[in-house]
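Reviewing the structure listed below.
Letters A, B, ... mirror the listed sequences (proteins, then strands); counts begin at 1.
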Amino acid sequence: MAEQITLTMPDNSTRQVEKETTVLEVAKGISTSLAKKSVGARFNNQLVGLDEPLIDDGTIEIVTKDSADGLAILRNTTAFVLADALKRLYPELHFGASADNEDGFYYDTDKADGQVAVTDFDKLTATMNKLIKANIAITKKPVAKADLAAQYKDDPYKSQLLKDAEGDAVEVYSLADGSFSDFGEGAMLPKTGGIKYFQLLSVAGAYWEGKSSNPMLQRIYGTAFYKKADLEDELKRRQEAKERDHRTIGRDLDLFFVDPKVGNGLPYWMPNGATIRRTIERYIIDKEVANGYQHVYTPVLANLDLYKQSGHWAHYREDMFPPMDMGDGEQLELRPMNCPSHIQIYNHHIRSYRDLPFRVAELGMMHRYEKSGALSGLQRVREMTLNDGHTFVALDQIQDEFKKILKLMMEVYEDFNITDYRFRLSYRDPANTKKYFPDDEMWNKSQSMLKAAMDDLHLDYYEAEGEAAFYGPKLDVQTKTALGNEETLSTIQFDFMMPEKFDLTYVGEDGKEHRPVMIHRGIVSTMERFTAYLIEIYKGAFPTWLAPVQAVLIPVKNDLHLEYVNYIKDEMQKRGLRVRVDDRNEKMGYKIREAQTKKVPYTLVVGDKEVNEVAVSVRKYGEEHTEEESTNMFIDAIVAETKNYSRDGKLKKSQESLDKKLDIQE
RNA sequence: GCCGGCUUAGCUCAGUUGGCAGAGCGCUGGUAUAGUAAACCAGAUGUCACAAGUUCAAGUCUUGUAGCCGGCACCA
């Protein structure tokens, strides 16, 4: 009898099979329906193909088409076929890295006589389709790195990838007809015909090994699915993402603009956008004052020495506006960050332990000379106003203050209905400590303190090395833009360095001087980035409390109803509501349509019936039906709705549940 | 900053082998006076991104510059 191996299934049951049984045979052994759907397996946590013979005991999970792993196998195979097509069309082309991700895949290329461009996609797609139609088997075998080196000797990137691969051998995937082969990790489908629906999407430059000092390759992006509908959904999703883009909506709703002729990355806020921003600013200032912060104003200009002392000049000189030489030896700098300003506030008086935690906040305007390629709408700009705050604490207050800030953050998220985010603990890069404040003990201490605080609160997070600020580790709240790019929304940063550099002290209970710790924190990011973020999550349909115009009043007939409409307008304005009367010479349907396309929360129509009943006909944004409401009741309801920051006037989660989640005892 | 692409009216876009600068929406004026997503008529849109070059002639071809878009790198 042949040698047996033991496979452990996901449900912990075990199964004895002959050694060298393939994944497909294992799947068939479980059920034919599973075998039909299967495209590989996760064996001892490694992705393997259907033809993989199993030779050791291990855990196995059959990978089906409808799983993320199944898509990874498909996309890996599609990237392989793309590479084959590229090589057929451009024999001299060199390959760089390749990968699949949650949206699709990419393959990096380098061509001496002009890079691959989107105009090549038709030819590439046609060639790929030929290969897919031919349904060629893809075989896999391990080849010693030494044997493969000669084949790639003229290809600098592949040679490097080969050298960097783990072990002495790599898996080489080949078409059965011998016309193409490639090496790499990850599993593939057994035949090219397994690729059903793919699309090449875009090309973009990407540095070799992600280092800007290296040459730039051309990255070809694509995606692939097993089902036509899934591919169509993905393409539709990408289209909708563009419609959600804050730059598009910002223009359509007349919120802001950037005119390169008067300054790149320097946005102008139109009245509508300014109203949203002002509402956010008032909200967050009130919220912070209620949470013990003292709001201040500090100058946007300071002597350059301030930023030399803080270390910003040494670290970020390239991204700061050049200093203004005043001719008498003084150099003034547009501030790139507010922390040194708040340090001046702290240092202005002698501080006692009784003053701590000392919380100072500001909507601080800053200027950074962001590189031209980084600029993007309101998301990356050269002048921005940060919801900045610094709290100065004693060592033993760090944990408690951290929790308080986190609680404040979560309350704010609830008010804005922000739910899609991830916590990231950002540490320094252990392989490149030069970038950071040189004090190993400080780093180890503050990083473990941060992690302990998060663990203590039982919050999920992921850790990222190399993402820390130069002065300390941070908790970042990561979100995604409409186009899927990651960005930091909120941040809490521990800083043991600035207090040293500025010799900050407080007088302790013992009458002696002690060194405080600084916590930098931003809740709603910059006004620019946050507004962009809100535009995208709301798709321009702002909740009533934020909407630039909260209600539009439309008289059925101007000469009969305008008087009453103006009365309602006055009543609403007295209650602090933003309301507009549309008395243009247009048909009612036209005005209603415009109110809807401008995403005004409430459209109020007034005619004979309403005048007689002291009522309004209410139509909510996005809804087709209307409701008659007494004018007073309607005004009371909309006032209540704006007061509790809600879109629909519904009650929000209780305070206790938030406290419990964060484990905060007052 | 880097690689690729793009740039025509306020917006979305046509514009043929080089031969008078176009449409829809929006805007302006007028007519119509209305019950829940687009009334009708008329009118004005403009340094075809900018600067050179080729040509009898350039929105169109060539070169350079800027900006924008996608991504990479950066992001205190």
Side-chain angles (χ1 to χ4, degrees), chain A residues 106 108-111 114-120 201-221 242 245 247-248 251-252 254 257-261 264-265 307 310-320 335-340 366 368-377 379-380 384 386 388 435 467-472 474 476 483-488 491 493 495 498 520 522 529 554-561 585-597 603-610 617-619 622-626:
Chain A
Y106 64 79
D108 288 353
T109 64
D110 190 24
K111 198 151 74 69
Q115 299 290 11
V116 175
V118 281
T119 45
D120 299 315
L201 296 167
S202 60
V203 292
Y207 293 109
W208 168 241
E209 291 181 321
K211 286 185 196 145
S212 57
S213 52
N214 280 344
M216 179 161 271
L217 309 185
Q218 204 62 16
R219 180 166 293 178
I220 301 174
Y221 287 91
K242 280 185 196 154
D245 192 310
R247 290 165 297 190
T248 311
R251 190 187 56 228
D252 291 348
D254 205 19
F257 68 89
V258 182
D259 184 351
K261 287 196 281 295
N264 287 334
Y307 304 107
S310 68
H312 286 100
W313 181 246
H315 273 85
Y316 296 108
R317 189 180 184 153
E318 293 287 295
D319 299 310
M320 288 165 67
R335 78 167 163 207
M337 237 310 164
N338 307 310
C339 21
M366 336 183 283
R368 296 179 183 174
Y369 191 72
E370 300 282 3
K371 294 185 185 63
S372 62
L375 298 176
S376 178
Q379 273 154 358
R380 278 293 278 280
M384 67 218 89
L386 182 65
D388 209 355
K435 263 173 74 179
E467 296 290 346
F470 72 88
Y471 48 73
K474 43 184 188 146
D476 292 320
L483 295 187
N485 299 318
E486 196 167 307
E487 69 176 6
T488 300
T491 184
Q493 312 173 349
D495 181 3
M498 294 285 172
H520 308 235
R529 181 173 286 190
I554 299 174
V556 171
K557 206 171 165 185
N558 275 348
D559 24 339
L560 295 182
H561 311 127
N585 274 339
E586 288 294 345
K587 290 190 84 166
M588 208 180 77
Y590 181 90
K591 296 179 186 178
I592 288 166
R593 179 172 189 273
E594 186 172 278
Q596 293 292 312
T597 55
T603 304
L604 310 173
V605 173
V606 171
D608 286 345
K609 195 174 159 212
E610 286 74 22
S617 167
V618 182
R619 175 166 170 163
E623 294 182 6
E624 278 179 28
H625 74 274
T626 60

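- B:U12 and B:A23 make up a base pair, with Watson-Crick or G-U wobble contacts both under 3.5 Å.
- Searching all strands for a Watson-Crick or G-U wobble partner of B:C6 with both distances below 3.5 Å returns B:G67.
- Residues satisfying the side-chain hydrogen bond (donor to acceptor under 3.5 Å, both in side chains) criterion with A:R380, sequence neighbours excluded, are A:E370.
- Taking the P atom of each, B:A52 and B:A44 are spaced 31 Å apart, rounded to whole Å.
- A side-chain hydrogen bond (donor to acceptor under 3.5 Å, both in side chains) with A:Y471 holds for exactly one of A:Q493, A:H315, A:H312; it is A:Q493.
- Between A:Y369 atom OH and B:C75 atom C1' the separation is 16 Å, expressed in whole Å.
- As rounded to the nearest Å, B:U54 and B:U60 have C1' atoms that lie 14 Å from one another.
- In this structure, B:U33 makes no Watson-Crick or G-U wobble pair, since no nucleotide meets both defining distances under 3.5 angstrom.
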| task | Assign a letter to each nucleotide of nucleotides 27-33 of chain B from its 5' end: B, base within under 4.0 Å of a protein heavy atom; S, sugar-phosphate only; -, no contact. | result | S----BB
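- When the nucleotides B:A37, B:G35, B:G67 are ranked by their closest atom to the side chain of A:I592, B:A37 comes out on top.
- When distances are taken from the side chain of A:M588 to each of B:C69, B:A73, B:A34, the shortest belongs to B:A34.
- Distance A:Y316 OH to B:C75 P: 6 Å, rounded to the nearest Å.
- For the pair A:D108 CG and B:C72 P, the computed distance is 11 Å after rounding to whole Å.
- Straight-line distance between the P atoms of B:C40 and B:G46: roughly 26 Å, to the nearest whole Å.
- Considering only residues two or more places apart in sequence or on other chains, A:Y316 meets the ring pair (Phe, Tyr, Trp, His ring centres under 6.0 Å) condition with A:F470.
- For the OP1/OP2 pair of B:A76 and a distance below 4.0 Å, the side-chain nitrogens and oxygens of A:K474 include at least one atom meeting the criterion.
- Atom CZ of A:R219 and atom P of B:G70 are 17 Å apart (whole Å).
- With sequence neighbours excluded, no residue satisfies ring pair (Phe, Tyr, Trp, His ring centres under 6.0 Å) with A:W313.
- With the nearest nucleotide of RNA chain B identified for both A:E370 and A:L375, A:L375 has the one nearer the 5' end.
- Across all strands shown, B:U60 forms no Watson-Crick or G-U wobble pair with both distances under 3.5 Å.
- Between the C1' atoms of B:A21 and B:U8, the separation comes to 9 Å (whole Å).
- Taking atom P in both B:A23 and B:G18, one finds a spacing of 24 Å when rounded to whole Å.
- Here the side chain of A:V605 is nearest to one of B:A76, B:G35, B:A38, namely B:G35.
- Checked against salt bridge (Lys or Arg N to Asp or Glu O under 4.0 Å), A:R619 has no partners two or more places apart in sequence or in another chain.
- Among the heavy atoms of the strands lying under 4.0 Å from A:G589 are primed sugar atoms or P, OP1, OP2 only; no base atom is included.
- The side-chain heavy atoms of A:S376 and A:R247, taken from C-beta on, include a pair separated by under 4.5 Å.
- Pairing each heavy atom of A:A117 with each of A:V203, the nearest pair is CA-CG2, 4.2 Å.
- Counting to the nearest Å, the P atom of B:A66 and the CG atom of A:D259 are 18 Å from each other.
- Between B:U16 and B:G22, the distance separating the two P atoms is 13 Å to the nearest Å.
- Ranking B:U36, B:A76, B:G71 by closeness to the A:L483 side chain, first place goes to B:G71.
- For the pair A:H520 and A:T491, the minimum side-chain heavy-atom distance is 4.5 Å or more.
- Between the NZ atom of A:K261 and the C1' atom of B:G67 there is a distance of 9 Å, rounded to whole Å.
- Across the C1' atoms, B:G15 and B:G67 are found 23 Å apart, a figure rounded to whole Å.
- Looking at residues two or more places apart in sequence or on another chain, you find a side-chain contact (heavy atoms from CB on, under 4.5 Å) between A:V556 and A:H561, A:M588, A:V605.
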| query | Once each nucleotide of nucleotides 2-11 of chain B is scored for protein heavy atoms under 4.0 Å, what B/S/- sequence comes out, 5' to 3'? | reply | BBS------S
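- Looking at the side chain of A:R619, the nearest of the listed nucleotides B:C68, B:A76, B:A37 is B:A37.
- For B:A42, the paired base is B:U28 (Watson-Crick or G-U wobble, both distances below 3.5 Å).
- In this structure, A:T597 and A:H520 both approach RNA chain B, and ranking their closest nucleotides by distance from the 5' end singles out A:T597.
- Counting non-hydrogen atoms under 4.0 angstrom, A:R317 reaches nothing in the nucleic acid.
- In this structure A:Y106 satisfies the ring pair (Phe, Tyr, Trp, His ring centres under 6.0 Å) test together with A:Y221, sequence neighbours excluded.
- For A:Q218, the side-chain hydrogen bond (donor to acceptor under 3.5 Å, both in side chains) criterion is met by no residue, not counting sequence neighbours.
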